[in-house]
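The structure appears right after this line, and notes come after that.
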2 protein chains.
Amino acid sequence: MGEGIGSVEKAGRVGWKQDPEGVRSNIVAVAMAEFAQNGLSGARIDEIAAKTLTSKRMIYYYFGDKEGLYRTVLEEAYRKVRSGEQELDLEHLEPDAALARLVEFTFDHHSSNPDFIRIVMIENIHHGAYLEQSDLIATMNEGAIRKLEQICARGRAAGLFRPEIEPLELHWMISALSFFNVSNRPTFSRIFGAALFRPDGQKILRGHAVEMVMRFVMA
Amino acid sequence: MGEGIGSVEKAGRVGWKQDPEGVRSNIVAVAMAEFAQNGLSGARIDEIAAKTLTSKRMIYYYFGDKEGLYRTVLEEAYRKVRSGEQELDLEHLEPDAALARLVEFTFDHHSSNPDFIRIVMIENIHHGAYLEQSDLIATMNEGAIRKLEQICARGRAAGLFRPEIEPLELHWMISALSFFNVSNRPTFSRIFGAALFRPDGQKILRGHAVEMVMRFVMA
DNA sequence: CCAACAATGTACGGGGCGGTTAATTATGTC
DNA sequence: GACATAATTAACCGCCCCGTACATTGTTGG
């Protein structure tokens with residue numbers, strides 16, 4: 001958060017400088033936080049504008065309407081998150097170590113990007129209606145499967161993994177455990193206590209996630 | 001849906017009959033569908049009233065305001081769902097069979113109650129703020145853990161399960177797989193295709209959920 | 001049968017909020 | 001340096017939608 005604001009300053013804007021990219025990215029950053037916090041219909045354009053370094057008019061100038069802004073935020077959220085995933089190099093690890101590493105990474109990654117999780121939750125509430133209009137996102141996520149395919153192929157070749165393991169189904173499992181851990185934290189902790197979501201509890205759950213996946217794939 | 005309407009009739013209400021319970025439950029039923037569909041801020045009181053057999057005035061008469069109605073819907077959703085869980089008798093099954101059965105039941109149960117899932121999603125978006133005000137729900141859910149505790153104890157005693165297995169953590173896993181399968185269906189299927197969510201795909205995922213849990217707990 | 005109260009219907013107000021209009025200032029171009 | 005165009009501002013509009021005031025009709029108890 002707070003990134004991409006550039007050198008724009010709000011106070012003392014007497015004779016302003018033009019900075020389209022800065023204004024644009026500033027709006028998106030603020031809007032992402034607001035949408036993540038309040039949902040599509042819950043977010044207020046006036047509120048977003050107020051927290052921006054610019055005015056409400058600019059939102060409509062660049063994004064047309066509320067939904068246009070939301071779509072942009074959605075794409076940006078996916079882009080920002082997926083970009084962090086590329087740093088991971090799993091090729092030099094043994095298949096089992098690589099898979100364990102991937103699970104740990106996904107778990108931590110989701111955990112440290114709650115706003116992304118919330119945006120995806122909101123998008124699911126809307127039946128994925130806005131995601132549908134963006135083919136950019138679909139292509140981005142294919143890369144996530146690619147990594148799993150390679151690990152599975154190597155694991156199968158080494159006789160470590162069961163041959164019938166499907167990468168997509170594996171991805172479903174890993175996502176489920178990592179996503180739920182963040183998305184349902186409020187209700188789960190309200191009902192069953194917050195211990196599992198404090199640091200040591202999270203370490204346990206992360207370990208369980210790894211162990212579940214590993215036990216599942218192992219021959 | 002459509003339950004609890006009773007004998008109230010909308011058309012031809014010339015000389016109306018008083019039916020507080022019928023009116024009340026009818027409002028809640030309609031509101032649950034609307035909130036599940038559109039969220040708290042997305043749902044429209046006028047829309048709810050229109051789909052009701054009564055008038056908007058009654059909503060405020062019985063529930064005070066929009067949030068009061070939402071709280072009632074939330075409690076009712078939990079009550080309705082948990083009530084279906086009691087039918088399951090696991091005591092006469094071997095611990096491993098009982099656990100597998102519980103996973104299957106939870107998976108199917110979530111799958112066939114999408115409106116409940118959506119309400120919980122919405123509540124999580126609101127940080128569980130409304131759940132907090134209801135201790136009824138917390139006590140109701142303790143029963144869900146109770147079943148797992150008994151299964152674990154028996155499994156451990158029989159030497160089938162690992163001794164360090166924690167019932168609450170087990171519940172977390174089972175919930176994660178079952179919940180995610182419904183909650184993230186729109187985005188997941190939009191990105192990776194809908195095959196996993198068609199009947200045969202669901203059978204596979206359900207089997208994987210069972211297998212993951214079983215392999216995890218087994219000694 | 002008649003209060004007194006509970007339950008319901010109708011109509012309306014007020015403000016929040018998405019979106020717009022018109023003017024004003026910067027920036028690039030010939 | 002003048003002109004076209006992009007970027008930005010401030011004020012404003014209209015309607016959607018939550019909530020309410022008031023009237024009206026059942027219900028119940030003495």
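Quick note on labels: first sequence line is chain A, next is B, and so on, each numbered from 1. As a basis for the values below, the full set of heavy atoms in this structure was taken, side chains included, without hydrogen atoms, waters or symmetry mates. Quick caveat, the model's predicted, so the values are computed rather than measured.
The stretch residues 56-66 of chain A touches DNA chain C through Lys56(A), Arg57(A), Tyr60(A), Asp65(A), Lys66(A), each having a heavy atom within less than 4.0 Å of the strand. Of the residues in residues 34-47 of chain B, none lies under 4.0 Å from DNA chain C by heavy-atom distance.
Counting only distance, with no hydrogens or angles, the side chain of Asn184(A) and the backbone of Asn124(B) share no donor-acceptor pair below 3.5 Å. Judged by distance alone, the side chain of Arg190(B) and the main-chain N or O of His127(A) form a donor-acceptor pair under 3.5 Å.
The shortest distance between side-chain heavy atoms of Leu136(B) and Arg79(B) falls below 4.5 Å. Looking at Trp172(A) and Asn181(B), their side chains come closer than 4.5 Å, going by heavy atoms from C-beta outward.
A donor-acceptor pair shorter than 3.5 Å cannot be found between the side chains of Tyr70(B) and Glu75(B).
Ring orientation note: the planes of Phe188(A) and Phe192(A) are tilted relative to one another, at an angle of 30° to 60°.
For an aromatic pair to be called close, the ring centres must be under 6.0 Å apart, and Phe216(B) with Phe216(A) fails this.
Taking 4.0 angstrom as the limit, Thr54(A) places a side-chain polar atom (N or O) nearer than this to OP1 or OP2 of dT9(D). Listed pair Ser55(A) / dT9(D) meets the phosphate criterion, a side-chain N or O lying under 4.0 Å from OP1 or OP2.
The salt bridge (charged side-chain N to carboxylate O under 4.0 Å, His left out) analysis of residues 169-180 of chain B, with sequence neighbours excluded, yields no pairs.
Applying the salt bridge (Lys or Arg N to Asp or Glu O under 4.0 Å) rule to Lys56(A) yields the partners Asp46(A); only residues at least two apart in sequence or on another chain are considered.
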List the atom pairs, donor and acceptor, that lie under 3.5 Å between side-chain atoms in residues 102-109 of chain B and the rest of the protein, sequence neighbours left out.
residue: Thr106(B); atom: OG1; partner: Leu102(B); partner atom: O; Å: 2.9
residue: Asp108(B); atom: OD1; partner: Arg206(B); partner atom: NH1; Å: 3.2
residue: Asp108(B); atom: OD2; partner: Arg206(B); partner atom: NH1; Å: 2.4
residue: His109(B); atom: NE2; partner: Val81(B); partner atom: O; Å: 3.4

For DNA chain C, the dot-bracket pattern of Watson-Crick and G-U pairs whose distances stay under 3.5 Å, | for other-strand partners: ||||||||||||||||||||||||||||||

